[in-house]
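First the proteins, then the strands, lettered A, B, ... as listed; each starts at 1.
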2 protein chains.
Amino acid sequence: MKTRKAAKPDPPTQPPGPPSAGRKRVEHSKDKILTTTIELLYEAGLGLSIDEVSRRSGVAKTTIYRHWPVRSALILEACVKLTPEPRAPDHGSFAREIAELIETLAKVLRTARWTGVLPSIVDAAERDPAAARVFGQIQAGHAAPFREVIVRAQRRGELARQIDPDTMVATIIGPLFYRRWFSREPIDKAFTNLLIRQATG
Amino acid sequence: MKTRKAAKPDPPTQPPGPPSAGRKRVEHSKDKILTTTIELLYEAGLGLSIDEVSRRSGVAKTTIYRHWPVRSALILEACVKLTPEPRAPDHGSFAREIAELIETLAKVLRTARWTGVLPSIVDAAERDPAAARVFGQIQAGHAAPFREVIVRAQRRGELARQIDPDTMVATIIGPLFYRRWFSREPIDKAFTNLLIRQATG
DNA sequence: TTGCTACGCTACGGTAGCGTAGCGATAAGC
DNA sequence: GCTTATCGCTACGCTACCGTAGCGTAGCAA
């Protein structure tokens, strides 16, 4: 997503690939605009301005409005591209899988830049239905791998079937999110270990 | 924070200030301004405008600026008054106390209007140190009763001493907050019961 | 070369908000 | 009833931003 060098063989499934020779100008500018928008999201949250996107990206404001009819359209699209799609591991062992998911999420919460933007989206979701839809998508993306691993473990008989998967997801992700955005305490090994014990015990 | 009635004997902690001509008037307008500001916080979050406060409260904008030098000062003060100060119950039984705290918080998260504003404050806290300080205060207020009940139970020997109170608070409040602001699933009896079982089991 | 499309640039019109100035009105406290 | 701090009102100046218009230019394909 950063470098835009050669890389002739275009990966067909990855959208943000570098613009190869055959790429149209349109995609090139849209790319620059989106990249800058995401960068500004990191810094200013949803309050970013189109003028600033134009200034920093070097793309004329008129060009931005040629591709996105209104401000919110661009910002929503940038928000969708913000968080990576996590995947559910499949080791055949619930304990290992849930541990991996917890450790991974913990690391993401410690380091990923988008974590600074999410409250802005949560806030918008409280009032704006469009933002709520986008946020619901992001949120579901976070919860899905946990849910999948839990359901699979229940099917295998590794986990009691009367446990509600969504509830269990909340008891795992909840404390992690709490530490990142609310109490702002460190998410260290001791903390993740406790969560793992609680989930597998 | 509500009505400021007679109370002739001056509260000793508040510096009475110079015996000027219109102290009563000052407090009356400050009251109206703050009340309106909080109302607008509910509706628009931290993005509220001073002009709107003036319009809706009927207090002139100049008067607002006579009491608060800048916009942020008013908003921060309103934020501080936003959430009620919860108190820790003392029944002599950890199970009963923690259950009461969980049920109470659950009900607050389901109904209290300030829950719609908090993401706005969390977001601001990500970038603005002043907002972070205010939010830290609010957050500590939420966690304190839980922490107190846990520490007391440990002193009484009702709870294992090697458990870190802050960690335990996270595992209780975290899932509740998660449901309110992230997954947006209902916080029902089944959910709180599970948390209570998890905390006391 | 021609023609099409996307792009850059400048300049707008319009809105909203912050914070201030000046002046007359008014209510509190003596 | 007199004094004075406080308030309301109108009118600013300033900045930032949204979104658009018009016109000229650069890339690209036939």
**Student:** Nearest whole Å is fine: how far is C/dC7 C1' from A/K32 NZ?
**Tutor:** 10 Å
**Student:** Would you list the pairs meeting salt bridge (charged side-chain N to carboxylate O under 4.0 Å, His left out) in which at least one residue belongs to residues 85-94 of chain B, sequence neighbours left out?
**Tutor:** B/D90-B/R152
**Student:** Whether A/H67 contacts C/dC7 is assessed here as follows: a side-chain N or O lying under 4.0 Å from the phosphate OP1 or OP2. Is that the case?
**Tutor:** yes
**Student:** Any side-chain heavy atom of B/F177 within less than 4.5 Å of one from B/L105?
**Tutor:** yes
**Student:** Could A/R179 and A/F191 be counted as a cation-pi pair, given that NZ or CZ must be under 6.0 Å from the ring centre and within 45° of the axis?
**Tutor:** yes
**Student:** Taking only residues two or more places apart in sequence or in another chain, which ones pass side chain to side chain contact (heavy atoms under 4.5 Å, CB included) with B/L76?
**Tutor:** B/A130, B/V134
**Student:** Rounding to an integer number of Å, can you tell me how far B/H28 NE2 sits from C/dG29 C1'?
**Tutor:** 18 Å
**Student:** Hey, does the side chain of B/E77 reach the backbone of B/L34 with a donor-acceptor pair shorter than 3.5 angstrom?
**Tutor:** no
**Student:** Please collect all salt bridge (charged side-chain N to carboxylate O under 4.0 Å, His left out) contacts where either partner lies in residues 127-144 of chain A, sequence neighbours excluded, each pair once.
**Tutor:** A/D123-A/R127
**Student:** What is the distance, rounded to the nearest whole Å, between atom CD of B/E27 and atom C1' of D/dC7?
**Tutor:** 15 Å
**Student:** So is B/K30 actually on top of B/W68's ring, under 6.0 Å and inside 45° of the axis?
**Tutor:** yes
**Student:** Would you kindly give the CG-to-C1' distance between A/L74 and D/dC18, to the nearest whole Å?
**Tutor:** 13 Å
**Student:** Show every side chain to side chain donor-acceptor pair (under 3.5 Å) that has at least one partner inside residues 187-201 of chain B, sequence neighbours left out.
**Tutor:** B/E103-B/K189
**Student:** Counting only non-hydrogen atoms, which of residues 123-132 of chain B are less than 4.0 Å from DNA chain C?
**Tutor:** none
**Student:** Which nucleotides of nucleotides 10-22 of chain C have their base under 4.0 Å from a protein heavy atom (B), which only their sugar-phosphate (S), and which neither (-), written as one string 5' to 3'?
**Tutor:** -------SBBBB-
**Student:** How many whole angstroms separate atom NZ of B/K30 from atom P of D/dA5?
**Tutor:** 17 Å
